[in-house]
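Here is the structure we will look at, set down as structure tokens.
Excluded from the calculations below are hydrogen atoms, water molecules and symmetry mates; all remaining heavy atoms, backbone and side chain alike, are included.
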Amino acid sequence: MASISLKKLNKTYGALTVVHDIDLEIADKEFIILVGPSGCGKSTTLRMIAGLEEISGGELKIGTDLMNDVPSKDRDIAMVFQNYALYPHMTVYKNMAFGLQLRKASREIIDTKVQEAAKILDITHLLNRKPKALSGGQRQRVALGRAMVRSPEVFLLDEPLSNLDAKLRGTMRAEITKLHKRLDATFIYVTHDQIEAMTMADRIVVMKDGHIQQVDTPQNLYDRPVNMFVAGFIGAPQMNMLPCVVERREETFVAIFDGRELPLPSHFDKVRIAPYEGQELVLGIRPESFHELPPADIPSENLAAFKAVVDLAEPMGSEVHLNMTTGGRNLIARVSPRFKAKIGDEVALLADMTNVQLFGKETERSILY
């Protein structure tokens, strides 16, 4: 049983606290990803779980066992590092076997485990090479194989794909996801890349300044962010944030931005919105909510017209990112490559208001959830 429990876990360096009272329950065999900007405390949290950083306060349990003072080698975990941490003078085979040799495993067991891991990772043909003769992707596979041969209950992965090119990162994301299902172990993965987090995780832990902001499934984080930080961090390009004032119109509410009334969806909880009537709020609209033509599957009452001046058009192949200005505010829209717009053009777009977000101006927290 490799469930993991963090209760009021914190890390301090002198007077500086870098991880603040983290509470997190990780289920057995779950794939959970810690994500956030550089310096948010995600790698430090992972290293405390690994036993590579001393815990300043709180409790860490693996299963039912308290692990605060248990040495790293006795925690039944394996860690895969960002820089792979391979021994340059050893062959791939010896790199993968080294941990088992330290544990005094027999030659037969070592060979069986190394060969099995090499076959799964498709690196059997590399076993006699040294790390300098390998590509970045091959080194990453060797680092994974070295962790696999120990058959740990928990895998810890610290930004394992950050040194790879974009194409290889995509391939390795799929490989690690398949590996998790095959090994049936608990995976805790750290990254600053929200695409990795969204495509791989069962649940995502979003961190900022040493605090957990939200823990949820990828889709729930995207659809129901609890604050402006999560809303802006999850999704690419990031969510547009526009100042607005909410006012009632008979049985519905509207958000007023730049003198324009933008309809709020009828399914929004009116009891939650009512106390904010007449107050300044922040309206969040995702770039993909903008359309050149009225979509057939969206009721007209949920569409809002926007006029904006194009500052930059970025062709992405399958789509175009329009950087625009409207009402003195920057706006990004993802539109079809068929939509032709040049710098300086005034364009008219329709925004689907079905999944917009509303945040408090001062608190930056969602008023909807």
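Residue Glu54 places its CD atom among 12 or fewer non-hydrogen atoms of other residues, nucleotides or ligands, all under 6.0 Å distant.
Between Arg249 and Glu247 a salt bridge is recorded (basic side-chain N to carboxylate O distance below 4.0 Å). Glu116 and Lys119 are not joined by a salt bridge, as no carboxylate oxygen comes within less than 4.0 angstrom of a charged side-chain nitrogen. Note on Asp23 versus Lys8: salt bridge recorded, some NZ/NE/NH1/NH2 to OD/OE distance being below 4.0 Å. Salt bridge status for Glu196 with Arg173: absent, with no side-chain N to carboxylate O gap under 4.0 Å. Using a 4.0 Å cut-off between a side-chain N of Lys or Arg and a carboxylate O of Asp or Glu, Lys7 and Glu59 do not qualify as a salt bridge.
The side-chain hydrogen bond (donor to acceptor under 3.5 Å, both in side chains) test with Ser162 is passed by exactly one of Arg169, His192, Gln82: Gln82.
Distance CG/Asn95 to CE/Met90: 6.5 Å, rounded to 0.5 Å.
Nearest heavy-atom pair, Ala2 versus Val154, reported as atom, atom and distance to 0.1 Å: CB-CG2, 3.8 Å. Heavy-atom minimum distance, Glu319 versus Pro337: CA-CD, 3.9 Å.
Side chain to side chain, Asp111 and Tyr93 meet the donor-acceptor criterion of an N or O pair below 3.5 Å. Using modelled atom types and a 3.5 Å distance limit, the side chains of Glu30 and Thr186 yield no donor-acceptor pair. Between the side chains of Thr326 and Arg260, at least one donor-acceptor pair of N or O atoms lies under 3.5 Å. Asn323 and Glu314 share a side-chain donor-acceptor pair at under 3.5 Å.
Using the six-membered ring where Trp is involved, Tyr189 and Phe31 have ring planes that are tilted, between 30° and 60° apart.
Between Phe98 and Tyr87, a ring centre-to-centre spacing shorter than 6.0 Å is recorded.
Panel note: side chain Asn302, backbone Met353; no donor-acceptor pair is recorded below 3.5 Å. One N or O on the side chain of Arg146 and one on the backbone of Ala85 form a donor-acceptor pair closer than 3.5 Å.
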